[in-house]
Amino acid sequence: MDKTWWKHSVGYQIYPRSFYDSNGDGVGDLKGIITKLDYIKDLGVNLIWIGPFYKSPMDDNGYDVSDFYDVDPLFGTLDDAKNLIAEAHQRGIKIILDLVLNHTSDEHPWFMESRSSLKNPKRDFYIWQDGKKDAHGKLHPPTNWGSFFEGSAWNLDPFTNQYYMKIFSDKMPDLNWASPALREEMFKMASWWLDQGVDGFRVDAIAHLARDLTFTDSTMPLNQYHVAPDWGKFSNRDELYDYLKEFNEKVLSHYDCMSVGEVGGGASVDAGVKYAGYDANIFNMVFNFDTCWQNNIFSNDELKDEDIKINVLNMKLTFDKWIQGMKGKGWMPHYWLNHDHPRVMSQYGDPIHHHKASGSMLGTILLTLPGTPFIYNGEEIGMTNVDYTSIDDFTDIWVKNYAKQAIKHMSKDQILSHLRRTSRNNARTPMQWDDSAYAGFSTHLPHQKMVSNYPLINVKRQLTEEDSILNAYKTLIRLRLQSHYSETLIFGDFELIHPKDPNVFAYMRSDEQMKLMIVCNFSKEVQEFVLPLAYKHVVYSNSKNAHTHKTLHLQPYEALILEAK
Ligand code: NOJ
């Protein structure tokens with residue numbers, strides 16, 4: 001097996017606006033990231049994925065790009081970006097950028113040209129269609145397709161009276177990848193960043209570059225916005241693979257870089273192999289979302305906190321399905337969350353009664369799975385979901401669109417508790433560095449309200465506590481990357497142990513050299529668990545619980561790595 005650098009990596013995702021503010025304007029920036037590179041180095045990771053910092057009107061916090069070749073002044077300058085790349089490299093840390101290929105901002109010069117007339121040479125950089133008139137002469141979108149950010153996938157543009165396609169916000173028109181000239185522009189831009197020294201990309205929203213160009217209505221039932229949430233009309237479609245192969249051939253294959261595509265929900269393992277199989281010649285890996293929502297938080301608007309249930313069984317089977325399905329065929333990235341998800345501590349851990357144990361247990365799983373693990377900033381200290389008291393505290397465009405509609409059939413309290421459990425704002429609060437005002441993130445009121453637990457949950461405190469989640473992550477990262485166990489943890493086989501146990505997530509990682517048993521109690525109760533093999537010694541434990549026998553009595557959220565005899 002080839003052992004390229006990104007297989008020997010642990011990634012760390014930085015959401016730039018919330019990481020560290022160096023100039024006191026309440027928004028994180030690139031110089032702020034440079035300031036914290038020593039922290040990242042000390043954590044032990046060797047790869048950073050930075051969220052978009054291109055010039056942007058910030059309708060969707062930078063995923064709406066108006067200039068791919070420049071840095072938004074909110075985050076700094078192009079020189080800051082170059083310094084960041086150089087400073088990271090000096091510390092042995094690689095950097096990948098978030099590459100947004102599916103859409104631009106409506107303030108991008110291409111779109112301004114494109115919308116200006118039907119005959120503009122850039123017209124076909126975007127997807128334009130006539131609307132449909134009903135019997136009363138009223139204009140409707142070309143199809144009934146829904147968008148991910150609620151409402152229609154189309155927006156009427158007054159300049160030419162045609163609709164443009166936009167599967168995210170109104171200010172994010174979709175690019176038309178069927179246009180060869182557009183593709184060339186995007187390839188040129190990606191190569192330019194690689195020439196600046198970045199080590200690759202996390203490629204945003206990659207599943208959607210090809211659409212059903214017959215533009216026919218979906219037959220799916222319409223939702224409360226009177227649109228069909230039929231993602232198949234613009235997800236994982238066959239033509240897409242040709243565009244991506246061309247991207248690989250013309251761009252990625254010319255550099256020693258890594259690429260991880262975001263395929264989101266609904267992609268099958270077979271699609272995973274098509275995107276990131278060793279022979280696919282597209283990406284090195286793809287993120288799916290399947291293991292991120294293994295509880296019932298979307299089941300019912302009136303769900304109470306005490307009724308939230310994690311389906312550990314399903315979660316294990318989902319990890320197993322992907323790992324076995326990709327085995328020998330392609331490499332996998334793993335993560336508990338990114339900036340689009342709730343905090344994993346609140347999703348799957350117990351922030352109130354078992355903060356340390358559940359945080360380090362989650363870290364144990366993440367850092368002992370095969371593939372490349374990605375940590376999301378703040379996960380390493382067990383940051384939690386927000387405790388906001390008003391719907392207005394939520395700033396995300398998707399959340400705002402959702403709340404506008406939800407208020408028609410839900411009470412404000414219901415919306416608030418739904419958002420506190422599910423919204424993207426949960427992962428986007430300022431990083432909790434210490435217990436001073438604004439958690440040491442900034443000297444100014446931050447762009448988004450802090451979580452009020454920062455005096456207790458912060459980096460400074462956890463650096464000094466021997467049994468902190470932060471120290472657990474450090475230990476686990478070193479075990480993975482720089483120990484006698486590294487080869488087995490990175491490349492060894494994966495096999496679930498007692499797959500039907502509904503509370504304990506346990507598996508074997510093995511190769512010719514050794515067998516490691518990872519045993520994690522994913523519950524608040526003590527669990528009895530019988531090991532399949534006797535063990536020589538404990539490689540890692542997140543508790544003081546001593547075991548002497550093959551029958552374990554696992555404490556709540558206890559995590560163990562054991563080397564079998
Ligand atoms: C996926 C990104 O992770 C998300 O934050 C963004 O809103 C959409 N793609 C659109 O770019």
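Just follow the structure's listing: the first ligand is 1, and inside any ligand the first atom is 1. Just so you know, these numbers use all the heavy atoms, side chains as well, and skip hydrogens, waters and symmetry mates.
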* With heavy atoms under 4.0 Å as the rule, classify the contact between His341 and ligand 1 as side chain, backbone, both or neither. => neither
* Under 4.0 Å from any heavy atom of Phe149, which atoms of ligand 1 are there? -> 7 (O)
* Asked: Counting heavy atoms only, which of Ile206, Asp204, Asp60 is nearest atom 1 (C) of ligand 1?
  -> Asp204
* Going by the angle between their ring planes, with limits at 30° and 60°, are Phe247 and Phe187 parallel, tilted or perpendicular? -> parallel
* Structure fact -> protein heavy-atom neighbour closest to atom 8 (C) of ligand 1 works out as Phe168 CE2, 3.7 Å
* Which ligand 1 atoms are under 4.0 Å away from a heavy-atom of Glu262? -> 1 (C), 3 (O)
* **Among Phe319, Trp322, Phe374, ring-ring contact (aromatic ring centres under 6.0 Å, His included) partner for His334** => Phe319
* Asked: According to the interplanar angle, ranging from 0 to 90°, do the rings of Phe68 and His108 count as parallel (below 30°), tilted (30 to 60°) or perpendicular (above 60°)?
  -> tilted
* To do: Considering the heavy atoms of Arg424, write down every atom of ligand 1 situated less than 4.0 Å from one of them.
  => 4 (C), 5 (O), 6 (C), 7 (O)
* **Under 4.0 Å to a heavy atom of Arg428 - the qualifying atoms of ligand 1, by number** => 5 (O)
* To do: In sequence, state the C-alpha distance, the side-chain angles, and the governing distance for Trp6 and Thr372, and then conclude on side chain to side chain donor-acceptor pair (under 3.5 Å).
  => CA-CA 7 Å; Trp6 40 264; Thr372 298; over 6 Å; no
* Asked: Hey, what's the ring geometry for Trp433 with Phe19, parallel, tilted or perpendicular (30° and 60° as the breaks)?
  -> perpendicular
* With atoms numbered from 1 as shown, which atoms in ligand 1 lie under 4.0 angstrom from a non-hydrogen atom of His339? -> 2 (C), 3 (O), 4 (C), 5 (O)
* Looking at Trp336, Tyr15, Phe289, which one forms a ring-ring contact (aromatic ring centres under 6.0 Å, His included) with His341? -> Phe289
* To do: State the CG-CG distance between Asn23 and Asp29, to the nearest 0.5 angstrom.
  => 4.5 Å
* To do: Considering the heavy atoms of His103, write down every atom of ligand 1 situated less than 4.0 Å from one of them.
  => 10 (C), 11 (O)
* **Which of the ligand 1 atoms, numbered from 1, are nearer than 4.0 Å to a heavy atom of Asp340** => 1 (C), 2 (C), 3 (O), 4 (C), 5 (O)
